[in-house]
Amino acid sequence: MIAGMSQTTDSIFPLRFENANPVAAEELLFALQLGQAAATHNMPTPSPSAKPIMLGDTDGSVTEIRFADSPQNRALLAVNKHYHDDKAKAFSIQIRIWAIAEILHHPKMQEWCKGEEIHAAIVVAAAELPINRHGKFAVKPFLKRVKEIASAHSTEELERKLLSHTA
């Protein structure tokens, strides 16, 4: 059990990737922007290695885990800190961020990326589609949904919708 967390009926434990609930696309975009700011040191962010996590086992032993000071860890730490009152939402958003990073490496996703920028339809699809038990999006359904969203809305319309709620 993680120190500081109680075992309640609304607990997110055991952690299962497929339990990552859908989130509002605007909220996912906000979390991506927050994570980017932390990852690139554009906001004050403590080193993830400065605050270890203590895991207690049933036999009374305790294991200390320290995360490396990496851009990915700073990003996820910032998201976790922002959503500290809603562990389930923090979990859902963090898993979706990791799943986006993973799926962007797929060759069929390259047409939806320009340098560091991703098409807004990716954010919308990532907010609503399920995560599989491996913590990933299934490529074919994800790509299909991105194409559906992009064909139904202009890029400008999607960006306005997403940004109107994050400003």
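Residue indices begin at 1 and follow the sequence shown. It should be emphasised that the depicted structure is a prediction, and the values quoted were computed from it without experimental measurement.
When all heavy atoms of Ala126 and Arg96 are compared, the closest pair comes out as O-NH1, 2.6 Å. The minimum heavy-atom distance between Asn73 and Ala68, with the atom names listed, is ND2-O, 2.9 Å. Shortest non-hydrogen contact noted between Ala75 and Gly35 is CB-O, 3.3 Å. The minimum heavy-atom distance between Ala78 and Leu34, with the atom names listed, is O-CD2, 3.6 Å. The nearest pair of heavy atoms linking Tyr83 to Glu27 is OH-CG, 3.0 Å. Closest approach of Gly135 to Ala99, counting heavy atoms only: O-CB, 3.6 Å.
Annotation: side chain of Val124 is not in contact with side chain of Ile122 (no heavy-atom distance under 4.5 Å). Residues Phe67 and Lys51 have side chains not in contact (no heavy-atom distance under 4.5 Å, counting atoms from C-beta outward).
No chain of hydrophobic side-chain contacts below 4.5 Å, direct or via other Ile, Leu, Val, Met, Phe, Trp or Tyr residues, connects Leu77 to Ile53.
Using a distance-only test at 3.5 Å, with no hydrogens or angles considered, no donor-acceptor pair links the side chain of Glu18 to the main chain of Ile131. Side-chain atoms of Ser92 come within 3.5 Å of backbone N or O of Asn21 as a donor-acceptor pair. Not one N or O on the side chain of Ser49 forms a donor-acceptor pair closer than 3.5 Å with the backbone of Ser47. Counting only distance, with no hydrogens or angles, the side chain of Asn132 and the backbone of Lys136 share a donor-acceptor pair below 3.5 Å. The backbone N or O of Asp57 lies less than 3.5 Å from no partner atom in the side chain of Ser61, so there is not a single donor-acceptor pair.
Rounded to the nearest 0.5 Å, atoms CD (Glu111) and CG (Leu143) are 6.5 Å apart. Considering CG of Asn80 and NZ of Lys87, their distance stands at 5.0 Å, rounded to 0.5 Å. Here the CG-CG distance, from Leu28 to Leu162, works out to 9.0 Å after rounding to the nearest 0.5 Å. The distance from atom NZ of Lys144 to atom CG of Leu129, rounded to the nearest 0.5 Å, is 10.5 Å. The distance from atom SG of Cys113 to atom NE2 of His105, rounded to the nearest 0.5 Å, is 10.0 Å. For the atom pair CH2 (Trp112) and CD1 (Ile103), the distance works out to 12.5 Å, reported to the nearest 0.5 Å.
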Exercise. Salt bridge (Lys or Arg N to Asp or Glu O under 4.0 Å) between Glu148 and Arg145: does it pass, once the steps are laid out?
Worked result: CA-CA 5 Å; Glu148 289 170 355; Arg145 186 65 183 132; 3.1 Å; yes
For this session: Start with the C-alpha gap between His84 and Val79, add the side-chain angles, then the distance that decides, and say whether side chain to side chain contact (heavy atoms under 4.5 Å, CB included) holds.
Result: CA-CA 8 Å; His84 71 277; Val79 170; over 6 Å; no
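Phe142 has its ring centre no less than 6.0 Å from the ring centre of His106.
Checked for salt-bridge contact, Lys161 and Glu159 miss the test: no charged N lies under 4.0 Å from a carboxylate O.
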